[in-house]
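A quick write-up on the structure given underneath.
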Amino acid sequence: MFYRENGQFKSSYSADLALFPVAQDRWAMLALAAIAFIALPMFASDYAFRAIFIPFLILSLAAIGLNILVGYCGQISLGTGAFMAVGAYAAYNLQVRIDGMPLIIALIGGGLCATVFGVLFGIPSLRIRGLYLAVATLAAQFFVDWFTNRVKWVTNDSSSGSVSVRTLQMLGFEFTTPMQKYLLCLTLVVVFGLLAKNLVRGAIGREWMAMRDMDVAAAVIGIRPVYAKLSAFAVSSFIVGVAGALWGFVHLGAWEPSAFSIDKSLQLLFMIIIGGLGSIAGSFFGAAFVVLLPLFLNYVPHWLGLSISTGTASHLEHMIFGALIVFFLIVEPHGLARLWSTGRQKLRLWPFPH
Amino acid sequence: MARKTGDVILDVQNITLGFGGVKALTDISFNVREHEVRAIIGPNGAGKSSMLNCINGVYQPQQGSITFRGKTFKHMNSRQVAEMGVARTFQNLALFKGMSVLDNIMSGRNLKMKCGLLAQALRWGPAEREELQHREFVEHIIDFLEIQAHRKTPVGRLPYGLQKRVDLGRALAMEPQVLLLDEPMAGMNVEEKQDMSRFILDVNDEFGATIVLIEHDMGVVMDISDRVVVLDYGKKIGDGTPDEVRANPEVIRAYLGTEH
Amino acid sequence: QAAEQFIPLLVYRTGQFAPLGIPWADGKQDYLKLINARDGGVNGVKLAFEECETAYDAAKGVECYERLKGKGTGASGFDTQSTGITFAVTDKAFVDKVSVETAGYGLSQSVDGTVFEWNFPLMGTYWTATDVMLQDIAKKEKGSLKGKKIALVYHDSPYGKEPIPLLQKRAAAEGFEVQLYPVTPPGVEQKSTWLQIRQARPDYVLFWSAGVMTPAGIREAQASGYPREKIYGIWWAGSDHDVKDIGDGAKGYNAITLQNSAAKDKVLDDIKKFVHDKGQGTGPANGVGSIAYNRGIMISMLQVEAIRAAQEKYGKGKSLTSEQVRWGFENLDLTADKLKALGFGEMMRPVKTSCANHMGNDWAKIIQWDGGKWNITSDWYQSDKTHINALVKEFAEKYAKDKNVKARTC
Amino acid sequence: MGFFLETLFGGLMAGMLYALVALGFVLIFKASGVFNFAQGAMVLFAALAMARFAEWIPQWLGFNSALLANLLAFIAAALCMVVVAWLVERLALRRLVNQEGITLLMATLGIANILDSAGQLLFGSATYKIDIGMPKDPMIVLENVFQGGLLLSKEDLYAAVLAAALVTMLTLFFQKTATGRALRAVADDHQAAQSIGIPLARIWVIVWSIGGFVALVAGVIWGSKLGVQYSISLVALKAFPVVILGGLTSVPGAILGGLIIGVGEKLSEIYLGPYLGGGIENWFAYVLALAVLLVRPQGLFGDKIIDRV
Amino acid sequence: MSASKPFLDVNGIEVIYNHVILVLKGVSLVVPEGGIVALLGGNGAGKTTTLRAVSNLLAGERGAVTKGTIELRGERIEALSPAELVRRGLVQVMEGRHCFAHLTIEENLMTGAYTRSDGKAAVAATLEKVYAYFPRLKTRRTSQAAYTSGGEQQMCAIGRALMANPSMVLLDEPSMGLAPQIVDEVFGIVKDLNDKERVTFLLAEQNTNMALRYADYGYILESGRIVMDGKASDLANNEDVKEFYLGVGGAERKSFRDVKSYKRRKRWLA
Ligand SMILES: Nc1ncnc2c1ncn2[C@@H]1O[C@H](COP(=O)(O)OP(=O)(O)OP(=O)(O)O)[C@@H](O)[C@H]1O
Ligand SMILES: Nc1ncnc2c1ncn2[C@@H]1O[C@H](COP(=O)(O)OP(=O)(O)OP(=O)(O)O)[C@@H](O)[C@H]1O
Ligand SMILES: [Mg+2]
Ligand SMILES: [Mg+2]
């Protein structure tokens with residue numbers, strides 16, 4: 001009975017266009033922001049930051065980026081790892097080659113390079129579609145794997161091809177503690193998350209979705225496929241590139257090309273599908289699922305006081321993970337975000353069914 | 001009945017379209033005058049939808065040309081056609097299934113929205129204003145089509161008939177000068193057809209939009225159209241006012257069967 | 001409650017490299033169990049340990065590291081078992097003050113203890129391994145490599161690329177030619193590589209492979225008729241499981257071992273007696289004594305001895321912090337007698353580390369597969385430091401500069 | 001010239017082996033519209049089953065004939081794959097009728113997770129061997145034509161012949177039986193297929209069983225080459241460019257695609273690789289596929305992608 | 001209601017989509033053996049949903065029957081798979097055609113005979129029968145279904161269902177998109193099959209006129225409830241039905257041009 005929109009009549013379209021039209025949602029978001037920005041930094045442990053929150057945030061960001069491409073524009077990509085890699089390596093090069101490069105510029109620069117790369121590899125999408133395109137995007141993945149391994153310049157002539165970043169500093173401030181790094185990631189995620197949300201609920205978002213749902217009809221109402229698809233590739237790879245740079249800079253600190261392998265691509269695709277295609281919130285749900293569930297499953301034997309071998313445990317963990325994916329897809333093929341909104345809808349009806 | 005119709009706005013000349021062995025259209029010519037309701041009828045597979053697809057730039061005819069407002073085109077892409085103010089509904093519902101009713105109709109206004117990517121991302125003043133202004137227009141259409149209650153429903157879940165309305169709404173949102181309607185009333189009962197006819201005539205009257213209509217319900221065609229083209233197996237077999245067409249023996253043989 | 005010393009065990013028992021990772025992990029754990037069972041711990045301090053599965057994935061490895069680094073009185077040291085994870089945690093180790101021990105892998109330049117205060121590439125690096133292989137080849141070629149063609153077939157990853165700088169340096173100095181053949185992981189299909197080799201006919205092939213790439217490569221060598229006697233595998237490509245199923249097809253294939261992990265030694269008997277016979281064995285009993293397993297117990301032994309050494313300084317019978325254990329790593333002095341007493345007399349030669357030298361002494365042998373088992377075919381080698389030291393210095397300095405690390409003076 | 005031919009043959013042989021894995025993808029896609037990411041896991045599972053049963057069955061039954069052991073193991077492994085197919089249908093596909101392709105694709109990723117781990121839990125995760133008596137040593141032909149002769153791998157030759165036989169069989173099965181048509185119908189529209197009485201459940205079990213069988217053959221051949229361990233599930237990555245180049249829905253396409261990719265990959269690596277630093281064959285295969293797709297978006301032989309309003 | 005025993009008996013079913021959207025609120029209807037029953041109602045009334053519930057095709061739409069029973073020849077069928085239902089002679093022609101896009105027209109038709117076991121000759125005979133009903137299909141037999149016109153696809157869908165030699169057919173808007181001649185024809189076929197082969201029909205139609213002309217009995221559905229039922233002839237003479245469904249309220253049929261809706265018009269101008 002408490003989750004109701006009753007009495008909240010919208011007197012203008014702009015009110016209806018607000019990000020969170022329902023008052024309860026607005027309060028919930030505020031509370032969430034307060035927890036993320038104030039409560040967590042006060043109470044969470046370093047481990048939680050480094051092993052849970054930071055990867056969660058970065059992967060959420062990457063998932064938002066990918067969701068724009070796959071969920072909104074319908075272009076399935078298995079090359080996300082490559083776009084992340086481009087972002088990371090580009091940011092790295094900006095940092096090592098230009099002295100005193102502020103962190104944020106390096107990150108954005110990484111994103112921009114990924115954009116260029118993304119648009120380039122998006123061009124085939126004008127002709128190739130669906131699963132064919134999905135598999136074809138693997139070309140980007142393997143090419144980048146190879147390129148970062150082979151071209152010395154990319155890794156600043158590191159003999160082994162692995163790179164490691166310098167200190168994270170910006171305008172004289174240095175990000176050292178996990179909490180600072182967390183806040184950095186959080187800020188970026190919030191900013192890019194909001195920008196992405198604005199895009200997808202605006203004109204360009206409708207163009208993307210139109211391309212996804214029915215491209216011929218989209219063309220007939222005057223949407224240019226070239227612009228719609230390539231802009232989706234551009235925006236998506238920009239965000240993914242920034243996420244990649246963050247993953248390298250903040251989470252790993254030092255990495256080798258395999259950090260952005262096809263596994264990462266698949267993992268991200270996982271996230272957005274489990275979370276919900278075409279949903280910004282879904283990206284967060286998906287990232288949480290993928291980051292938290294394995295950790296959780298990992299702890300279960302400890303809690304139960306079982307002593308099974310690490311190998312067996314991690315095989316079981318894999319199996320349960322796989323089974324849960326199938327399970328959630330069965331329960332709601334549109335992902336956790338949809339499950340969440342169905343739940344809310346039920347809550348709205350509660351206690352009267354239907 | 002005398003209705004004010006103007007000059008020829010759309011002139012289709014000698015269009016021929018084939019797919020492999022199948023001749024979908026053979027040397028078809030007809031014109032559409034400004035402000036009229038022009039119907040295309042014919043048996044199944046006659047090439048009616050293909051005709052619209054040609055006008056629309058979805059198919060490229062092998063021969064012939066299309067003149068729109070005095071400009072002649074051999075090949076056009078859909079974008080150009082849309083920019084010239086031609087809108088279209090589809091026989092097999094080509095709605096954007098994953099989007100809400102509102103978004104579907106809003107997407108019809110995209111051509112008129114000018115704000116850049118960055119402005120949209122930031123929802124800067126002009127972007128916000130633009131969005132609002134178009135939203136208002138779209139709300140009128142929603143009211144007009146009486147689908148207020150479904151505003152936020154994903155169209156895939158709507159019953160067939162309402163989907164047709166949304167399809168029309170999307171086309172209307174383009175503020176078209178020429179509106180191509182491909183069987184807009186299939187799957188509707190009489191009452192709903194009456195509504196739909198009303199909508200179409202209103203658009204025609206109030207907006208001055210020219211209408212090209214494909215429909216199998218002869219009642220509707222005879223009542224609301226000014227002139228009718230009849231196609232049969234890709235050939236034009238009749239063209240004229242409803243009454244002329246109704247009396248044409250070949251049309252009767254090929255399409256109408258007995259009296260209608 | 002009795003004092004405990006915590007040892008994190010990063011392992012991979014799943015994924016691509018599981019066949020290597022499993023015996024390795026079993027060895028590491030069995031030795032710790034042995035110390036607890038036989039000696040009641042180190043000077044009465046029980047060894048506590050926990051495995052964490054990385055699946056050879058850097059991000060997972062980082063999570064394991066974060067999770068375990070502060071456990072107990074602090075993690076005694078991380079044997080990450082992966083070059084990638086080593087890269088990722090090396091930076092963090094400076095801040096967290098935990099040591100990273102990478103016996104036979106990791107960053108070759110981390111030998112330099114003045115820069116890499118927390119890294120311990122004990123017993124050998126890829127550079128020393130390359131050097132030893134070349135020594136063995138030179139011996140077969142009557143002392144000189146001049147004019148020879150030596151190919152490097154490598155796993156196309158930082159791991160596989162580590163030997164390249166040294167190889168090139170030595171080639172320039174000694175006048176032999178180096179041919180490089182990268183194999184894209186996982187390396188299930190290497191036909192083109194070996195066809196190229198068949199055409200280029202190098203005199204020897206150094207084989208920096210991992211996982212399935214090893215049997216696939218050897219099979220392809222066989223299929224293209226390249227003599228297996230001319231192939232030298234790195235120690236990660238020279239375990240029993242790498243060649244067992246190829247049998248005769250791999251006959252003649254050479255591999256280098258870290259120290260002499262192919263040896264049977266007294267410590268294995270102890271493990272049988274105190275651990276496996278009591279039903280406490282980690283893996284199957286017949287896995288005890290395989291090459292990868294032995295490498296595991298050697299690594300654990302070094303870990304335990306570092307703790308023992310540190311206890312000498314910071315107080316016997318006490319739980320130590322990570323930082324204190326680091327001192328132990330830096331001041332290892334395993335003499336032949338000590339090793340013998342530990343049951344490693346056959347397997348290992350003395351290792352002595354210092355502030356400047358974090359590797360200690362790099363001993364290695366060459367083994368050869370005869371179709372049914374590995375045979376030792378060489379005497380002890382130690383790498384020639386002329387080229388290596390220069391490289392270590394150069395690369396360590398670069399790292400220090402990049403990372404703003406101030407080198408210590410020793 | 002001799003070397004060129006060797007490369008060419010090498011490429012053809014390798015291509016045949018890719019085609020074998022690609023075939024699994026094509027079958028399942030063609031017949032149910034599911035892009036089966038679990039194909040690699042199925043290869044692993046089947047190979048593990050085969051290898052371990054060949055080890056266990058003689059122990060259980062107390063005999064000592066390699067041939068008999070292999071035969072029984074093959075049958076047992078094939079049965080395992082049928083069980084897998086049945087479970088997949090029961091627990092996953094059945095509940096995902098009429099969902100979008102990408103949802104199904106994700107489900108198969110989940111299934112891949114389960115199969116990978118279940119296989120290793122049941123059968124172990126060390127390296128095992130499959131020995132079906134494939135000859136491993138090379139043979140040298142045409143010694144008097146080319147200097148040094150042409151070197152061919154007998155093992156590959158045998159494998160290629162086996163693959164070709166399998167493909168012929170499957171092509172016939174699909175084209176000459178009424179089931180083939182029903183399968184394609186299912187791929188087009190689950191719901192409509194249901195509505196006219198095609199029993200999805202049974203069809204799927206059949207298709208996945210055939211897919212499992214193909215995986216088993218691929219697993220046996222690759223396993224006898226590389227040894228059976230987790231990594232052989234990664235051969236699926238080699239099959240991806242093959243499937244799209246040949247067309248997702250074409251059995252012969254898988255073969256031709258395999259051959260093209262195999263040859264293209266080897267030639268590029270050997271003649272182009274040295275200029276680019278080597279190791280290019282992996283991405284080159286995809287670039288090759290991409291190039292073909294730009295001309296024919298449905299692959300060489302795939303069903304035309306329908307887009308109509 | 002006619003005396004013959006119920007062939008299909010739908011009793012008070014409720015259908016919920018997606019766990020939250022209640023669409024049918026207790027629908028009951030009875031189809032006698034050898035009858036033609038029409039299910040009428042406006043857009044969104046729930047006709048399609050009712051048919052889906054009967055042929056058990058709701059799962060794919062994430063819907064479920066939550067209350068009530070459905071019986072075919074006195075046997076509960078809610079738990080049977082659609083394939084099993086077809087084997088028992090119950091076939092549905094789905095709304096929106098759903099032809100197999102990549103298959104040719106002929107292949108589409110042949111898949112319809114999948115469940116039959118009465119031999120190739122019998123199937124071939126049925127195929128000829130279908131071609132005789134729809135000559136247009138014969139000329140387009142080798143085209144991929146996706147590349148045929150809307151009406152051709154509709155014929156294909158109907159023909160495909162007939163290929164199963166059903167004893168009961170659920171037709172969902174069969175006349176949609178068909179030329180008037182063909183509409184006549186389709187209803188002719190319905191009548192023909194009903195007369196000669198005693199095939200039972202349940203048909204959801206918007207073309208009320210036609211439906212009531214051919215059906216024996218009719219149900220009118222409005223927002224998920226049956227609001228009226230009766231003999232087809234009675235319904236056709238009912239004033240309300242005439243007004244709302246037949247468009248002949250009062251006296252003569254109104255021209256579509258003259259139907260006014262001032263309310264709407266006003267809003268449009270605002
Ligand atoms: N898959 C679905 N998910 C959610 N709601 C649905 C779904 N399908 C139908 N509905 C809802 O069920 C109601 C009845 O729809 P149904 O398709 O049965 O109507 P109908 O009588 O067949 O209409 P029409 O004549 O337009 O085809 C509608 O309100 C519709 O929104
Ligand atoms: N893309 C295409 N490829 C091949 N044939 C096509 C294509 N489009 C249309 N046709 C064929 O052209 C003919 C005309 O089709 P069209 O869709 O224009 O018919 P229609 O008049 O709209 O019929 P209906 O009233 O049934 O919708 C049909 O026979 C159809 O099969
Ligand atoms: Mg049409
Ligand atoms: Mg309906």
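Keep in mind it's a predicted model, so treat the numbers as computed, not measured. In what follows, every chain begins at residue 1, and chains take the letters A, B, ... in the order their sequences are listed.
Neither the backbone nor the side chain of D/Asp116 comes within contact range of chain C, judged by heavy atoms closer than 4.5 Å. Proximity to chain C (any heavy atom under 4.5 Å) is shown, for D/Trp283, by neither the backbone nor the side chain. In this structure, the portion of C/Ile22 lying under 4.5 Å from any heavy atom of chain D is its side chain and not its backbone. Both the backbone and the side chain of C/Val188 come within contact range of chain D, each with at least one heavy atom under 4.5 Å from a heavy atom of that chain. Interface remark: C/Pro284 contributes no atoms to any contact with chain D (heavy atom separation under 4.5 Å). In this structure, chain C has a heavy atom under 4.5 Å from the side chain of D/Glu281, while its backbone stays farther away. The contact between D/Tyr128 and chain C is made entirely by backbone atoms, counting heavy-atom distances below 4.5 Å.
One side chain, C/Thr14 or C/Glu53, offers a donor N or O that lies under 3.5 Å from an acceptor on the other. Looking only at atom types and distance, the side chain of C/Asp57 has no donor-acceptor partner in the side chain of C/Tyr12 under 3.5 Å away. When only modelled atom types and interatomic distance are considered, C/Asp156 and C/Tyr181 share no side-chain donor-acceptor pair under 3.5 Å.
The neighbour count for D/Phe3 CZ, taken as heavy atoms of other residues, nucleotides or ligands under 6.0 Å away, is above 12.
Between C/Tyr126 and C/Tyr159, the distance from one ring center to the other falls under 6.0 angstrom.
Across C/Ala18, C/Gly211, C/Ser224, the residue that shares the most heavy-atom pairs under 4.5 angstrom with chain D is C/Ser224. Contact count versus chain D (heavy atoms, under 4.5 Å) is highest, among C/Gly217, C/Pro186, C/Gly15, for C/Gly15. Between chain C and the options D/Leu226, D/Thr7, D/Ile280, D/Ile130, the largest number of non-hydrogen pairs under 4.5 Å is found for D/Leu226. Per-residue counts of heavy-atom pairs under 4.5 Å with chain C were compared for D/Asp131, D/Asp156, D/Ile232; the largest is that of D/Asp156. Interface check for chain D: of the options C/Gln222, C/His241, C/Met213, the most heavy-atom pairs under 4.5 Å are formed by C/Gln222.
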Review point. What's the verdict on side chain to side chain donor-acceptor pair (under 3.5 Å) for C/Thr282 and C/Lys33, showing C-alpha distance, side-chain angles and the deciding distance?
Key: CA-CA 9 Å; C/Thr282 312; C/Lys33 285 178 178 165; 2.9 Å; yes
Practice item. Given ring pair (Phe, Tyr, Trp, His ring centres under 6.0 Å), test C/Phe207 with C/Tyr154 step by step and report yes or no. Key: CA-CA 6 Å; C/Phe207 193 39; C/Tyr154 64 97; over 10 Å; no
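Across C/Tyr105, C/Trp24, C/Trp236, C/Phe17, a single residue satisfies ring-ring contact (aromatic ring centres under 6.0 Å, His included) together with C/Tyr56, and that is C/Phe17. The side chain to side chain contact (heavy atoms under 4.5 Å, CB included) test with D/Val292 is passed by exactly one of D/Leu245, D/Val287, D/Ile261: D/Leu245.
In this structure, the side chain of C/Lys149 engages the main chain of C/Ala200 through a donor-acceptor pair within 3.5 Å. Side chain of C/Ser261 to backbone of C/Thr257: no donor-acceptor contact under 3.5 angstrom is found.
Scanning residues 233-243 of chain D against chain C with a 4.5 Å non-hydrogen threshold yields D/Leu234, D/Val235, D/Lys238, sorted by number.
Ring geometry for C/Tyr253 versus C/Trp374: interplanar angle of 30 to 60°, hence tilted.
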